There are 2 protein chains.
Amino acid sequence: MTTKPTRSKRATVHDVALEAGVSRGTVSRYVNGERYVSAAAREAIEAAIAKVGYVPNTAARNLVMQRTQAVGFIVHEPHSLFVEDPNIGEILLGANTRLSEADHQMAVLIVDTERDTDRVARYLSGGLVDGVIIVSARADDPVTRVVDRLRLPAAYVGHPPGAAGSASFVVIDNVGAAASITRRLMETGRRRIGMIAAALDRDSGADRLSGFREALGDAFDEALVEPVPLYSYSAGRDGMRRLLDRAPDLDGVFAASDAVAAGAIEAIKESGRSVPDDIGVVGFDDSAWAQRTTPALSTVRQPAAGLGAEAARLVLARLRGDEPATEVRLDCDIVWRGSA
Amino acid sequence: MTTKPTRSKRATVHDVALEAGVSRGTVSRYVNGERYVSAAAREAIEAAIAKVGYVPNTAARNLVMQRTQAVGFIVHEPHSLFVEDPNIGEILLGANTRLSEADHQMAVLIVDTERDTDRVARYLSGGLVDGVIIVSARADDPVTRVVDRLRLPAAYVGHPPGAAGSASFVVIDNVGAAASITRRLMETGRRRIGMIAAALDRDSGADRLSGFREALGDAFDEALVEPVPLYSYSAGRDGMRRLLDRAPDLDGVFAASDAVAAGAIEAIKESGRSVPDDIGVVGFDDSAWAQRTTPALSTVRQPAAGLGAEAARLVLARLRGDEPATEVRLDCDIVWRGSA
DNA sequence: TTGTAGGCGTTATCAA
DNA sequence: TTGATAACGCCTACAA
């Protein structure tokens, strides 16, 4: 007579207690490594656990303990970006490392479609995580609302426009980085430097323009700034065409992102000019684009892993009840390649 | 007299019931959209919910329902690969889409360090997910062991060597794809075709070599196969250097991955030869590398999103109690660019 | 050092 | 339609 081969119920503390001839309390104490468990009891319990194949049910434990030792990592990228942006992977890993050190599990939740939004919001409100890290959040979607409403300890990577109160934000120093790379461009001897300024309605876009202006100082010329709506290749190409029409004597350009820069390079080449001889080009992000252009882009590298780690540090602090900084700003490196 | 501003306890069904003047059962029925709730009760409950700010506790629900509507997605990649392999992102998205349609939450768990392994294993055994998708598993680590032991419904993307019994595996047809692209290379008129064979200790690596050998048939020459340990750029470059030393008359090479191919192209160029005129190069994966080389790589494209979707489909089937196929093999496309 | 019993927030069964 | 009440699996006083 064998046991039924059908899905057998998982063993519980109760089963172990029965098998070992002790009480559930004692089993629980043993499992949690507390003292006050006699050698005899310990042995009996160990044998029983092995025999019935007991494995603790975290869900039940979480329920009674009112904490999960888990934090959610929500990524809310447009489909394409998620696949090709190397930064996001680095951020993930950076956060995971920090959380892992603190013995917290990180659960990545992907928001891709509309449906996902609500499901993730439910997941978060369900008490399955103690806190949350959010990258590239929308200002006002169900996810951020739920986080707000629940006062779920949170840290954002990036600062969604109009973001609310009680969370932390970790951002890169867009102004400083833009200024640095612009200065570097000036130091190579460029005299008429323009900018393709993208997404001026976002903090990142506006800040990069500020940095550019700051670096140029008196040499700043409003007419050499070409605003484009998006951080995209085609926006960069079109913007550069217009800029070249307006200022044929341009000899340097700062594109607000690598994709924009790649587009700009195409426009420059089609105008018969060469990069970097006639016009030096610098970008921003050190994304996959930066390696794909010819010549490869000089650009700003985001400290992606650092962003993740810092975000993790901030939620962990909040979990401990601290009130960490509301915004921390990380410096970027410049990588100098062939385009300027 | 205001409410205490300190962390107020979250409202429960109990609170709502009290406030609405009905029983907990009725509230529960309302929340779950069952019928048999009178209009009067409904209104009272809705008001109460709004007033006390009730949000259901999923953890508690999971405990009593004995299911979570969540499946874990475990990625167990070496650090660097995770960051740069676009396939993993696609797989993720493919799986998420399918799970989302079935109204299941996907939780990505990253295994990066040793510590992660155990924590993830605990997470899985804790009853926090109903099933699990595993990409690039190790043959015998705590994670796979726990999955086995718990008979957790599982689907693997890729087939870890020596993998056990009751799960499903979704793989690409490495042999077939390698043979196809090798044949294609032969059809362009190459006569002395070598291979940089990476990661021969993995199924993928060994299978790609098999396909290569199969396509070449009698023309196969053991001496033209250069084994390298990893799917990496530097391994490809170094391997190609050795191969060229040994066989200067080579006119075609199949690199076991795009990164390897990119490295190979560098070595070919530094030897003074040109691609594709002197030597045709083909890769595998259609990763970011493939677009980055000059000329761009002819390569094998993995149906990455399909892999994820299929894996999701398989766990979902198991969750329903079905016994789906134990291995499903997906075909790859060839994308022909300038490198051969 | 151990056992008892109450509670974590839900759902589900069964009378009423 | 509704309300008790018993699980779900675990932790934790408290008493012994």
Side-chain angles (χ1 to χ4, degrees), chain A residues 7-45 48-49 52-70 122-130 150, chain B residues 7-45 48-49 52-70 122-130 150:
Chain A
R7 160 121 52 177
S8 53
K9 268 187 145 27
R10 273 169 54 167
T12 72
V13 165
H14 186 81
D15 303 322
V16 175
L18 242 46
E19 180 70 33
V22 298
S23 78
R24 311 199 308 251
T26 305
V27 173
S28 177
R29 283 187 285 269
Y30 166 80
V31 169
N32 294 338
E34 288 175 33
R35 50 179 187 280
Y36 300 137
V37 180
S38 66
R42 184 193 331 282
E43 278 170 32
I45 293 173
I49 285 182
V52 304
Y54 169 74
V55 25
N57 182 314
T58 317
R61 178 200 308 242
N62 289 346
L63 183 57
V64 58
M65 304 262 280
Q66 299 291 67
R67 68 193 163 70
T68 64
Q69 297 273 94
R122 279 205 310 275
Y123 188 92
L124 294 182
S125 42
L128 269 32
V129 295
D130 296 335
L150 264 46
Chain B
R7 160 118 56 174
S8 52
K9 268 189 146 23
R10 273 168 56 167
T12 73
V13 165
H14 186 83
D15 302 323
V16 175
L18 242 47
E19 181 70 32
V22 298
S23 78
R24 301 189 311 221
T26 305
V27 173
S28 177
R29 282 188 288 269
Y30 166 80
V31 169
N32 294 336
E34 290 174 33
R35 52 178 186 281
Y36 300 136
V37 180
S38 66
R42 184 192 334 282
E43 277 171 34
I45 292 172
I49 286 182
V52 303
Y54 169 73
V55 25
N57 181 315
T58 318
R61 174 198 310 232
N62 290 346
L63 182 58
V64 59
M65 305 259 283
Q66 299 290 67
R67 68 193 162 69
T68 64
Q69 297 273 93
R122 279 205 312 275
Y123 188 92
L124 294 182
S125 43
L128 269 30
V129 295
D130 296 335
L150 262 46

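Each chain gets a letter, A, B and so on, in the order its sequence line appears, and its residues count up from 1. Worth saying up front: this structure is predicted, and the values here are computed from it rather than measured.
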Within the structure shown, what part of the strands sits under 4.0 Å from B/Tyr30 by heavy-atom distance: base, sugar-phosphate, or nothing?
-> nothing
Rounded to 10°, tell me the angle between the two end axes of the helix from C/dT1-D/dA16 to C/dA16-D/dT1, each built from five pairs.
-> 40°
Close residues, residues 56-65 of chain A, relative to DNA chain D [heavy-atom separation under 4.0 Å] | A/Pro56, A/Asn57, A/Ala60, A/Arg61, A/Val64, A/Met65
Between B/Glu34 (CD) and D/dT1 (C1'), how many Å, whole number?
-> 12 Å
Would you say the side chain of A/Val31 lies within less than 4.5 Å of the side chain of A/Val13, judging by non-hydrogen atoms?
-> no
Would you mind reading off the distance between A/Arg10 atom CZ and D/dA7 atom P, rounded to a whole angstrom?
-> 21 Å
Have a look at A/Val27 and say if it touches a base, only the backbone sugar-phosphate, or nothing, with a 4.0 Å heavy-atom cut-off.
-> nothing
Between CG of B/Leu18 and C1' of D/dG3 the distance, given in whole Å, is 14 Å
Taking N or O atoms only and anything under 3.5 Å, show me the protein contacts with nucleotides 1-3 of chain C, one pair per line.
from	atom 1	to	atom 2	distance (Å)
C/dT2	OP1	A/Ser38	OG	2.2
C/dT2	OP2	A/Ser38	N	2.7
C/dG3	OP2	A/Ser23	N	2.8
C/dG3	OP2	A/Ser23	OG	3.1
C/dG3	OP2	A/Thr26	OG1	2.7
C/dG3	N7	A/Arg29	NH2	3.0
C/dG3	O6	A/Arg29	NH1	3.3

Can you tell me which residue pairs pass the salt bridge (charged side-chain N to carboxylate O under 4.0 Å, His left out) test with a partner in residues 14-40 of chain A, sequence neighbours excluded?
-> A/Glu19-A/Lys51
In short, B/Thr68 meets B/Gly127 closest at the heavy-atom pair CG2-O, 3.3 Å
Can you name the closest pair of heavy atoms from A/Asp130 and A/Gln69 and give their distance?
-> OD2-N, 2.8 Å
Give, for atom CG of A/Leu124 and atom OG1 of B/Thr58, the distance between the pair rounded to the nearest 0.5 Å.
-> 9.5 Å
For A/Ser23, check side-chain hydrogen bond (donor to acceptor under 3.5 Å, both in side chains) against everything at least two apart and list the hits.
-> A/Thr26
Quickly work out the B/Ile45 CD1 to D/dT2 C1' distance and round it to whole Å.
-> 10 Å
Tell me whether the OP1 or OP2 atom of C/dG9 has a side-chain N or O from A/Gln66 closer than 4.0 Å.
-> yes
Answer yes or no: does a side-chain N or O of A/Ser28 lie under 4.0 Å from OP1 or OP2 of D/dC10?
-> no
Just grab all the salt bridge (charged side-chain N to carboxylate O under 4.0 Å, His left out) pairs involving residues 55-69 of chain A, residues at least two apart or on different chains.
-> none
How close or far is atom P of C/dT4 from atom NE2 of A/His14, stated in whole angstroms?
-> 11 Å
Write down the distance between CZ (A/Arg67) and C1' (C/dG9), rounded to a whole number of angstrom.
-> 18 Å
Can you list the residues that meet the side chain to side chain contact (heavy atoms under 4.5 Å, CB included) rule with B/Ala59, with sequence neighbours excluded?
-> A/Leu128, B/Asn57
With sequence neighbours excluded, residues passing side-chain hydrogen bond (donor to acceptor under 3.5 Å, both in side chains) with B/Tyr30 | B/Glu46
Got a second to check how far A/Ile45's CD1 is from A/Ser28's OG, nearest 0.5 Å?
-> 9.5 Å
Spacing between A/Asn32 atom CG and D/dG9 atom C1', to the nearest angstrom | 13 Å
All salt bridge (Lys or Arg N to Asp or Glu O under 4.0 Å) counterparts of B/Arg122, not counting sequence neighbours | A/Asp103
